[in-house]
Amino acid sequence: MATTRTHTGRPHTGRPGLATPPLDRPMPGPDTGADHGIDLERLERLRRLTRLMDSRWRIPGTRIPIGLDGIASIAPVVGDSATALVSAYIVWEAARFGLPKSLVARMIGNVGLDWAVGSIPVLGTIFDIAFKANRRNLDLLHEHLEDRLARAGR
């Protein structure tokens, strides 16, 4: 019987949560980040969720991107509280990459600012459309992971 392998190339243990990737997807190579503890599938999920929250659509007649965060802020406090929960999930998932506490605190600050200012009627909606806390947080995550890979490559 052939040994199956996880997405990192290690033998599959059969334990729950360690599923093998679909056969039609190539295994990550040595320069994809898999050897440095970077879960590329989780990173892609965060990228897709961030896009949905901050920039999935364009405001008609403009080039201004808008996502669910900007749309939900039309309902002050309630909409911003709902999207803050999604933003908190993004921060929690990002923190699982082993980020320093100071970087996680900065991400939480972005979400808190987005929630606090976004909860102000009218002004908050404009702020939500412009600030894009999730995009900022994903950029911070990318910068950290790029630095980690650069240090590992030395």
Side-chain angles (χ1 to χ4, degrees), residues 1-59 62-73 79-118 126-154:
M1 180 176 194
T3 303
T4 59
R5 300 202 174 268
T6 65
H7 68 282
T8 61
R10 294 186 180 101
H12 178 59
T13 63
R15 292 182 297 184
L18 298 176
T20 57
L23 296 176
D24 62 342
R25 186 178 305 154
M27 296 289 222
D31 55 347
T32 62
D35 292 339
H36 302 290
I38 298 174
D39 183 344
L40 298 177
E41 290 177 9
R42 182 180 336 139
L43 189 59
E44 178 61 19
R45 278 193 315 271
L46 291 178
R47 187 197 66 77
R48 284 193 315 264
L49 184 55
T50 294
R51 182 170 182 265
L52 176 65
M53 294 301 292
D54 286 348
S55 60
R56 174 62 180 88
W57 302 279
R58 301 268 179 239
I59 295 175
T62 73
R63 297 181 66 186
I64 301 170
I66 189 170
L68 292 179
D69 189 32
I71 294 168
S73 72
D80 289 292
S81 295
T83 58
L85 290 174
V86 177
S87 296
Y89 169 76
I90 291 171
V91 171
W92 178 74
E93 281 289 329
R96 291 180 56 209
F97 281 98
L99 303 180
K101 290 179 182 179
S102 61
L103 188 56
V104 174
R106 190 170 165 193
M107 291 176 159
I108 291 169
N110 285 339
V111 173
L113 181 64
D114 186 53
W115 176 81
V117 178
I126 295 167
F127 178 81
D128 271 337
I129 292 169
F131 184 65
K132 304 200 182 312
N134 298 303
R135 177 79 252 167
R136 289 171 186 262
N137 288 342
L138 188 65
D139 289 346
L140 290 171
L141 174 61
H142 280 156
E143 289 171 18
H144 174 79
L145 294 177
E146 287 171 3
D147 288 347
R148 181 190 297 174
L149 287 174
R151 283 191 309 272
R154 290 182 188 163

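Residue indices begin at 1 and follow the sequence shown.
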*Asks:* What are the two closest non-hydrogen atoms of Ala84 and Trp115, and how far apart are they?
*Replies:*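 Heavy-atom minimum between the residues: CB-CD1, 4.0 Å.
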
*Asks:* Is any side-chain heavy atom of Ile90 less than 4.5 Å from a side-chain heavy atom of Leu138?
*Replies:* no

*Asks:* Measure the spacing between OH of Tyr89 and CG of Leu46 and express it to the nearest 0.5 Å.
*Replies:*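 Between atom OH of Tyr89 and atom CG of Leu46 there are 6.5 Å.
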
*Asks:* Tell me whether Asn134 contacts the main-chain N or O of Asp54 through its side chain, where contact means a donor paired with an acceptor under 3.5 Å.
*Replies:* no

*Asks:* Working to the nearest 0.5 angstrom, can you tell me the gap between Leu141 CG and Met107 CE?
*Replies:* 5.0 Å

*Asks:* On a heavy-atom basis, which atom in Ala72 and which in Thr83 lie closest, and how many Å separate them?
*Replies:* CB-CG2, 3.6 Å

*Asks:* If you apply the rule side chain to side chain contact (heavy atoms under 4.5 Å, CB included), what do you find for Trp57 with Leu52, and how did you get there?
*Replies:* CA-CA 8 Å; Trp57 302 279; Leu52 176 65; 4.1 Å; yes

*Asks:* Considering only heavy atoms from C-beta outward, does the side chain of Leu40 approach that of Glu44 to under 4.5 Å?
*Replies:*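 Contact flag for Leu40/Glu44 side chains = no.
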
*Asks:* Which heavy atom of Ser73 sits nearest to which heavy atom of Asp128, and what is that distance?
*Replies:* CB-OD2, 2.8 Å

*Asks:* If you round to the nearest 0.5 Å, how far is CZ of Phe127 from CG of Asp69?
*Replies:*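 Those atoms lie 9.5 Å apart.
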
*Asks:* Counting C-beta onward and ignoring hydrogens, is there a side-chain heavy-atom pair between Leu149 and Ile38 closer than 4.5 Å?
*Replies:* yes

*Asks:* How close do Asp80 and Gly118 get, heavy atom to heavy atom, and via which atoms?
*Replies:*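 Reported closest heavy-atom pair: OD2-O, 2.6 Å.
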
*Asks:* Just do the side chain to side chain contact (heavy atoms under 4.5 Å, CB included) check on Val86 and Leu68 with the steps written out, would you?
*Replies:* CA-CA 10 Å; Val86 177; Leu68 292 179; over 6 Å; no

*Asks:* Rounded to the nearest 0.5 Å, what separates atom CE in Met53 from atom NZ in Lys132?
*Replies:*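 NZ of Lys132 is found 11.0 Å from CE of Met53.
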
*Asks:* Hey, does the side chain of Asp114 reach the backbone of Ala133 with a donor-acceptor pair shorter than 3.5 angstrom?
*Replies:*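 Side chain of Asp114 to backbone of Ala133: no pair is present.
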
*Asks:* Could you measure the distance from the CZ atom of Arg151 to the CD atom of Glu146? Nearest 0.5 Å is fine.
*Replies:*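 The CD atom of Glu146 is 12.0 Å from CZ of Arg151, to the nearest 0.5 Å.
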
*Asks:* Search all heavy atoms of Glu93 against all heavy atoms of Arg42 and return the closest pair with its distance.
*Replies:*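 So the minimum-distance heavy-atom pair works out to OE1-CD, 2.7 Å.
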
*Asks:* Where is the tightest heavy-atom contact between Phe131 and Arg136, given as atom of each residue plus distance?
*Replies:*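 Closest heavy-atom pair between Phe131 and Arg136: O-NE, 2.8 Å.
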
*Asks:* Can you tell me how far CZ of Arg45 sits from CG of Asp39, rounded to the nearest 0.5 angstrom?
*Replies:* 6.0 Å

*Asks:* Mind running side chain to side chain contact (heavy atoms under 4.5 Å, CB included) on Leu99 and Leu140 for me, showing each step along the way?
*Replies:* CA-CA 10 Å; Leu99 303 180; Leu140 290 171; over 6 Å; no

